[in-house]
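Here the structure is a predicted model, which is why all the values come from computation and not from measurement.
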Amino acid sequence: MSKTSVLESEVLVLGAGVAGLSAALAMGGRQVTLLSKTAFGKGGSTPLAQGGIAAAVGADDTPSLHAADTIHAAAGLAVSEVVEVLTSEGPEQIQRLLELGTLFDRSADGELSLGREAAHSRRRILHAHGDATGAELVRVLSLATAHAPNVHIVDHCFAYDLLLDDGGICGVVATLSNGEVVQFLAPAVVIATGGVGQIFARTTNSLEATADGLAMAARAGARLADVEFVQFHPTALHRNRNPMPLLTEALRGEGAVLLNERAERFMVAEHPDAELAPRDVVARAIWRQQSAGARVVLDASRQVGERFPQRFPTVWSICQDAGLDPRREGIPVSPAAHYHMGGIDVDLQGRSSLTGLWACGEVAATGVHGANRLASNSLLEGLVFGARVGRDLESSTLRRARVTGMPSRACQRCSHEAGQTREALRELMWSSVGLLRHERGMENALMVLERMADQVSERDGELLNMILVSRLITEAALARRESRGGHYREDYPSSAEHGARHIFVAVA
């Protein structure tokens, strides 16, 4: 191995999405190094987020109403104290974004334009540029971070192992785009690396969402929680693409309906809220139609019609690229892995079970989403809890980091040789640990995952991360012998009375 460089800072932030950027910006008094897996401001799931941000900023809304909707959607597993923090601090985070220059959509009279999405009792969804909310947030937060004198940005950097000393976490080891291996030392590490979507064959998540942060934390011995709960978005564009383009929840909020090939609006018989039912209900209903051989489309030709290019410019562009005209025809849809409710178990300040390790955003398990995330709470979570992590680190006394050893392997993202194994893994997880799960399929998946792990080179760090997290999700899904929220078992289709509990995982 070539000589390893060493770079030191007070705080290390892994991830440049909404959570990582919010954390970095809240630490004006700390020397921060921020690592991005791709070009800064370009990668990750935040730029792909269309739907918007939920916050109680309307005249007819309150944080307590927002909290009630969040808890209702969470299938009995939301932690009420955490939900209260999310919903009560949400409006001030929206105000902070406005002060930074975020261009939220407004009505003709200049008021913030608020939409409604599934399982929300009020119109409380803020959008930017119609359906490009995530991209607008990344623009504003990246610009502010790039101008912050205390933040050093390193992009195209693949972090693959946490470094430990006698007192806890003291940094990470990473590979730069030129192949150089670097030890980034810091007494405080914030993991904000996003989700796990790429372990499934169908996903709306970016190519970078390979569960790296979760795998790093697990190998280091951090406690994980709720990892069996994966949310499948009901409406991704049904095309052979990775990632599959998302068709925002706001379309159904505007009245779009789901139709099968017989032009039947099948959701009316599935749930009182029809297309605005919780995501897990809608996703499984679509899946059942498709499993029976039916083609499903999302039809907004009457509800949106000629307004499509202006109201939903991102969806309009997606459809145009696919040769579709949503003004006059339905859009073919499929469920796709979209969000991971589980992750690194953290408290209200984002502190994990390991000294020196914080986490925020999708990679963290705060308990706010329970078994099923309420639509448009994800960007809000990144803002609120990213800022809380930053404030906690700003006021904390940091110990001195002392690395005691260097991992022997030097990892890359994904070699050409690993490509076939990666795709086999994704198909395995989609078919066996996807929307519908069964003991037989999951036990078979564990055997296949074990063989895969034995065959993969230790240099293929990204694929090893995917295999490890796939195994942890499968094991937790096997342990939860009931159906709840995003976790549905064909062999245990009902929720159990004793099931409203969290399953914690730690790798020995």
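- Among residue pairs with one or both ends in residues 77-88, none qualify as side-chain hydrogen bond (donor to acceptor under 3.5 Å, both in side chains); sequence neighbours excluded.
- Interatomic distance, CZ of R388 versus CG of L348, reported as 5.5 Å (0.5 Å rounding).
- Scanning all heavy atoms of the two residues, the minimum distance from P234 to V282 falls at CB-CG1, 3.5 Å.
- For W316, there are no ring pair (Phe, Tyr, Trp, His ring centres under 6.0 Å) partners, not counting sequence neighbours.
- S121 and D69 share a side-chain donor-acceptor pair at under 3.5 Å.
- By the ring pair (Phe, Tyr, Trp, His ring centres under 6.0 Å) test, H369 is found to be paired with Y339, residues two or more places apart in sequence or in another chain being considered.
- Considering every non-hydrogen atom in both I331 and P326, the closest pair reads CD1-CB, 3.8 Å.
- Across every non-hydrogen atom of I94 and A55, the tightest pair is CG1-CB, 3.6 Å.
- A 6.0 Å sphere centred on CD of Q310 holds more than 12 heavy atoms belonging to other residues, nucleotides or ligands.
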Exercise for the section: Walk me through it: do Q231 and N372 pass the test side-chain hydrogen bond (donor to acceptor under 3.5 Å, both in side chains)? Expected result: CA-CA 7 Å; Q231 186 173 77; N372 189 37; 3.1 Å; yes
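- In terms of heavy atoms, H120 sits closest to A375 at NE2-O, 2.7 Å.
- Evaluation of the ring-ring contact (aromatic ring centres under 6.0 Å, His included) test over residues 281-306, restricted to residues two or more places apart or in two chains, returns W287-W430.
- Annotation for R328: atom CZ counts as buried by contact number, over 12 foreign heavy atoms lying within 6.0 Å.
- Every residue meeting the ring pair (Phe, Tyr, Trp, His ring centres under 6.0 Å) condition with H233, not counting sequence neighbours, appears here in chain and number order: H338.
- There is no side-chain donor-acceptor pair under 3.5 Å between S113 and D105.
- Residues N260 and E264 have side chains that bring a donor and an acceptor to within less than 3.5 angstrom of each other.
- Sorted by first then second residue, the salt bridge (charged side-chain N to carboxylate O under 4.0 Å, His left out) pairs that include residues 50-60, not counting sequence neighbours, are D60-R122.
- Between S376 and E117, the side chains place a donor N or O and an acceptor N or O closer than 3.5 Å (distance only, hydrogens not considered).
- Under the 3.5 Å distance criterion, with hydrogens and angles disregarded, no donor-acceptor pair is assigned to the side chains of N444 and S432.
- If you check the side chains of D226 and H502, you find a donor sitting under 3.5 Å from an acceptor.
- Proximity of a side-chain donor or acceptor of R480 to a complementary backbone N or O of G499 within less than 3.5 Å is detected.
- S483 approaches R489 most closely through the heavy-atom pair OG-N, 2.8 Å.
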